[in-house]
> 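Below is a structure I'd like to ask you about.
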Amino acid sequence: MSVQRLKLPSGRVRWRARVYDKRTGDQTTRSFDTKAQALLWERQQRVALDGELGIIYTPEVREAIKDEALAESSAKNDAILSTLRDEMLAKGPEGAPDQEALKVVQLRTHAGTRRQLIVRDFLTDWKDDAETEGTKRLRENLVRQTVPLADLMLNEVTGSAIAEWQRQLRKSSFISGEPLSTGSVRMMTRMLNSAFEVAVKRDLIEVNPCSQIEKGRKGTGVSKPMPTDVMSVNQVHDLIARLRSSSAALGVMAEVASKTGLRIGELAGLRIGSLNTVTQELSITEQAAGGRTAAWKPLKSSTSKRRLKVIDSAFKALTGYIAQYRGGEPLTAPLFVTEGGSQYNASHAGKKLRDLNVGHTWHDFRHFYASQLIAAGADLPSVSKALGHASTSVTLDVYVHLLPGAEDRVHSAIASAFGEEVSDGESKNSPEGESDSG
């Protein structure tokens, strides 16, 4: 039960009282002009619900609760009602045996009062309680991102389950298929924490499972591939062939992704006219917005807008696909479409990979592309520009550990600073008589 302050678009302030019946899970709300009226109604509803549980208040108490002056003090009222409730439960309802009183205690304090909801249903209800459209959209996004938790009962969610959910988000969003930054995952976790706090207050669960996980420290928020996570050329070839056998569009998308490093949103947002058949270049100027109809939205950042010259094999795959499947369509039409003819978007494309259980995400093609550029000795600004990163610092932070010989260069640099030569892992020119110990 709670009272919230609402500011209407007109500037007028209203007070909304909410009453939640723990036994049935039903929720009732009403809005009032003053906080006192809202508190009064809430307290009256609480007395009524307690009466259904067999808790009886004397006429004097009921009179006190009806007093709007008393209702102005929420903390004072809560304390009075809590004390009265404890006394009634200890004595039992008037004329009721002790056993009946015990039953009331069990109803109010144990799991019997908790309506067993699955996470999806609870979060959907919580989303609908949002006071503004902006908050509602944020909560809707969270509901869509909680796929691994959605079918769990509320009391089945553990800290380890949430930690695993966080790990999966960092690898691949359940909406776009792209990795989420640490900052985005942190924001999602804060929202989920708020939702579970509501569940605790409503007595649906005893402990907020988010309190059992480590929130993590602030960082760059960029997914960093380890060398062992980056696909080999053979793995890429095999994956392209597997996707091509499932869908011509998916096969070409995978080939282009591995040979251009495009984000899945950028890839899905390509139009037929994005490919210049004279210069053999792709123009990346927008990304797929998602939805039931073809739509586009701005790129991730201004530096994401770029032109990429594609290698011959990717150009051949693109022109062949256009000739066979997109011939006759206007240049402004989506380049890649599903079997039903609708535009691919990041969410749909990501789901396709999960359904095929290929063990990789679209972003893995991007990491492969970047790792090949770095291994070939491409300079950092060029790699950053090709990837459409906001700055070279982002590229450096994500891929510095993939730079060939990075550890050796660090070792050589410090040895050189002290006038030592490094060969075969052993220091030379060490002063005679000095011990290496300590």
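Please read all numbers here as calculations on a predicted model, not as lab measurements. Count residues from 1 along the sequence.
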> I'd like to check the ring-ring contact (aromatic ring centres under 6.0 Å, His included) partners of Phe368; sequence neighbours left out, ordered by chain and number.
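Here no residue qualifies.
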
> Which residue, Arg306, Lys300, Lys305, forms the salt bridge (charged side-chain N to carboxylate O under 4.0 Å, His left out) with Glu266?
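Among the candidates, only Arg306 passes.
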
> Taking only residues two or more places apart in sequence or in another chain, which ones pass side-chain hydrogen bond (donor to acceptor under 3.5 Å, both in side chains) with Glu140?
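Only Lys127 meet the side-chain hydrogen bond (donor to acceptor under 3.5 Å, both in side chains) criterion with Glu140.
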
> Can you list everything that forms a side-chain hydrogen bond (donor to acceptor under 3.5 Å, both in side chains) with Asn234? Sequence neighbours excluded, please.
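Testing Asn234 for side-chain hydrogen bond (donor to acceptor under 3.5 Å, both in side chains), a comparison that skips the adjacent residues, returns none.
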
> Partners of Phe336 by ring-ring contact (aromatic ring centres under 6.0 Å, His included), sequence neighbours excluded?
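Residues passing ring-ring contact (aromatic ring centres under 6.0 Å, His included) with Phe336: Tyr321.
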
> Distance from Leu318 atom CG to Gln280 atom CD, nearest 0.5 Å?
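Answer rounded to 0.5 Å: 9.5 Å.
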
> Can you tell me if Lys316 has over 12 outside heavy atoms packed within less than 6.0 Å of its NZ?
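Result for NZ/Lys316: open.
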
> Would a line drawn from the ring center of Phe365 to the ring center of His360 be shorter than 6.0 Å?
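Judged by ring-centre distance (under 6.0 Å), Phe365 and His360 do not meet the cut-off.
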
> Establish, yes or no, whether the cationic atom of Arg30 lies under 6.0 Å from the six-membered ring centre of Trp15 and within 45° of the ring axis.
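Not flagged: Arg30 not positioned over aromatic ring of Trp15.
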
> Do Thr319 and Phe315 touch side chain to side chain, with heavy atoms closer than 4.5 Å?
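Touching, per the 4.5 Å side-chain cut-off.
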
> Can you name the residues that form a side-chain hydrogen bond (donor to acceptor under 3.5 Å, both in side chains) with Ser313, not counting sequence neighbours?
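Lys259.
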
> Find out whether the Lys NZ or Arg CZ of Arg139 is both under 6.0 angstrom from the six-membered ring centre of Trp126 and within 45° of the ring's axis.
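Yes, Arg139 sits over the ring of Trp126.
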
> Just so I know, are the side chains of Ile284 and Arg307 near enough to count as touching, which here means a heavy-atom distance under 4.5 Å?
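Side chain of Ile284 against side chain of Arg307, heavy atoms only: no contact under 4.5 Å found.
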
> Are side-chain N/O atoms of Glu281 and Asn276 paired as donor and acceptor at under 3.5 Å?
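No, Asn276 and Glu281 have no side-chain donor paired with an acceptor closer than 3.5 Å.
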
> Could you give all pairs that pass the salt bridge (Lys or Arg N to Asp or Glu O under 4.0 Å) test and reach residues 230-246, with sequence neighbours left out?
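Output for this query lists Arg244-Glu255.
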
